[in-house]
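Below: the structure, in structure tokens.
Every chain is numbered from 1 and lettered A, B, ... according to where its sequence line falls, protein lines coming before strand lines. Owing to the predicted nature of the structure, the values given are computational and were not obtained by experimental measurement.
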Amino acid sequence: MLEKSAIPFHEIIEILVDEYEEEGWWPHESRFEIMLGAILVQRTKWANVEKALDSLKKITSLDPRSILSLERHDLENAIRPSGFFMQKSERILSLSSLLSERFNSDSKKLFDLGVGSAREILMDLNGIGPETADTMLLYAGDKPVFIIDSYALRIYKRVSGSRSIPSIKHMQKCFIGPRKITAGLSRHIHSAVVTHCQRTCKTRPSCTSCMINRYCEEAKK
DNA sequence: GGCCAGGCACAGC
DNA sequence: GCTGTGCATGGC
């Protein structure tokens, strides 16, 4: 009976993907900027991340060495709007040191090691967990990685009416369906899931206006 | 003024 | 292994 599911998840995801374009919702100018954004956005809204990135752009050239040359106080002040500024400045310095020392500040070299190795190296850094690592792999490394975040989990739980936490493999199977995972598909699914959860399937959901409510246990309540 | 936001680490069961 | 908690700011 384990992980048996009659819910047509990939049909649901198809609807969301059709509804929400992947309109460059993660703006960036470099791989490193994406990686910084992935740290800065932890438990924070993107609007606040933009403030932090804008401030950083004014005082650095947004590359690892330039970040490392900052006074700690200036780094903290720049990223203050994104919250948790002491933790996040520590995490940003760890990442910058890693890239500077082991990859000559070229993050592409890290991703060229492949998904498995790159993920392991990133997760060894304090403050980079599975979601942040996978976000970096997908958006900065252009790797075909499926991101499980709290939004994907929310949709899974509400649609299925299940309280238990499914395995990552199971969720991936549900969301991707029979298709082959590509970076492009994964980005599109991830952005659609996030957008849907921000606009409709919020902490307190607006089920009456939801385009997938006919599939959803939560909406039947 | 309370609640929430693209997590993670760490302590205590 | 799982659950609770601290981390901090900004916007509704």
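Following rounding to the nearest Å, A:Asp149 (CG) and B:dA5 (P) show an atom-to-atom distance of 12 Å. What separates NZ of A:Lys202 from C1' of B:dA5 is a distance of 14 Å, to the nearest Å. Between the CG atom of A:Leu122 and the P atom of B:dC8 there is a distance of 11 Å, given to the nearest Å. Rounded to whole angstrom, the span from the CD1 atom of A:Ile34 across to the C1' atom of B:dG6 amounts to 14 Å. Rounded to an integer number of Å, the gap from A:Ile148 CD1 to B:dG6 C1' is 14 Å. Between the CZ atom of A:Phe84 and the C1' atom of C:dC7 there is a distance of 5 Å, given to the nearest Å. In this entry the distance linking CD of A:Gln87 with C1' of B:dA9 reads 8 Å, nearest Å. In this structure, the CG atom of A:Asn77 is 13 Å from the P atom of C:dA8, given to the nearest Å.
Residue contacts for A:Phe85: at a heavy-atom cut-off of 4.0 Å it reaches the sugar-phosphate backbone alone, with no base atom in range. Contact annotation for A:Arg80: backbone-only contact, meaning every heavy-atom pair under 4.0 Å involves sugar-phosphate atoms and none involves a base. Within the 4.0 angstrom heavy-atom criterion, no nucleotide atom of any strand lies near A:Arg204. Backbone-only contact: A:Glu131 has heavy atoms under 4.0 Å from sugar-phosphate atoms and none from a base.
Ring pair A:Phe175/A:Phe9 is parallel by interplanar angle, where below 30° counts as parallel and above 60° as perpendicular. Between A:Tyr156 and A:His170, the ring-plane angle classifies as perpendicular under the 30° and 60° cut-offs.
Both A:Val41 and A:Ile128 lie close to DNA chain B; mapped to their nearest nucleotides by heavy-atom distance, the more 5′-ward contact belongs to A:Val41. The 5' end of DNA chain B is approached more closely, in terms of each residue's nearest nucleotide, by A:Lys45 than by the other of A:Ala133 and A:Lys45.
The closest donor-acceptor contact from the side chain of A:Thr44 to the backbone of A:Gln42 lies under 3.5 Å.
Annotation: B:dG2 and C:dA8 have their C1' atoms spaced 16 Å apart (nearest Å). On the P atoms, C:dG6 is 22 Å away from B:dG6, given to the nearest whole Å. Atom name P, nucleotides B:dC8 and C:dG10: the rounded distance is 22 Å, in whole Å. The P atoms of B:dC4 and C:dG4 are separated by 16 Å, rounded to the nearest whole Å.
Closest to the side chain of A:Asn48, from the set C:dT9, B:dG6, B:dG7, is C:dT9. Which of B:dA5, B:dC8, B:dG6 sits closest to the side chain of A:Gln198 comes down to B:dG6. The listed nucleotides are C:dG10, B:dA5, B:dG7; the one nearest the side chain of A:Pro81 is C:dG10.
No chain of hydrophobic side-chain contacts below 4.5 Å, direct or via other Ile, Leu, Val, Met, Phe, Trp or Tyr residues, connects A:Ile92 to A:Phe84. One hydrophobic cluster holds both A:Met211 and A:Val159 under the rule that ILVMFWY side chains link at heavy-atom gaps under 4.5 Å.
A close approach under 4.0 Å does occur between a side-chain nitrogen or oxygen of A:Asn126 and OP1 or OP2 of B:dC10. Residue A:Lys51 has a polar side-chain atom (N or O) positioned under 4.0 Å from OP1 or OP2 of C:dG11. Put simply, A:Thr44 has no side-chain N or O that comes within less than 4.0 Å of OP1 or OP2 on C:dT9. Within the structure, a side-chain polar atom (N or O) of A:Ser150 is placed less than 4.0 Å from OP1 or OP2 of B:dG7. Put simply, A:Thr203 has a side-chain N or O that comes within less than 4.0 Å of OP1 or OP2 on B:dA5. Considering only side-chain N and O atoms, A:Arg154 lies nowhere under 4.0 angstrom from the phosphate OP1 or OP2 of B:dG6.
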From CA spacing to verdict: side chain to side chain contact (heavy atoms under 4.5 Å, CB included), A:Val194, A:Trp26: CA-CA 12 Å; A:Val194 173; A:Trp26 193 313; over 6 Å; no

Check against salt bridge (Lys or Arg N to Asp or Glu O under 4.0 Å), A:Asp142 and A:Arg187: CA-CA 9 Å; A:Asp142 197 31; A:Arg187 279 193 290 263; 2.8 Å; yes

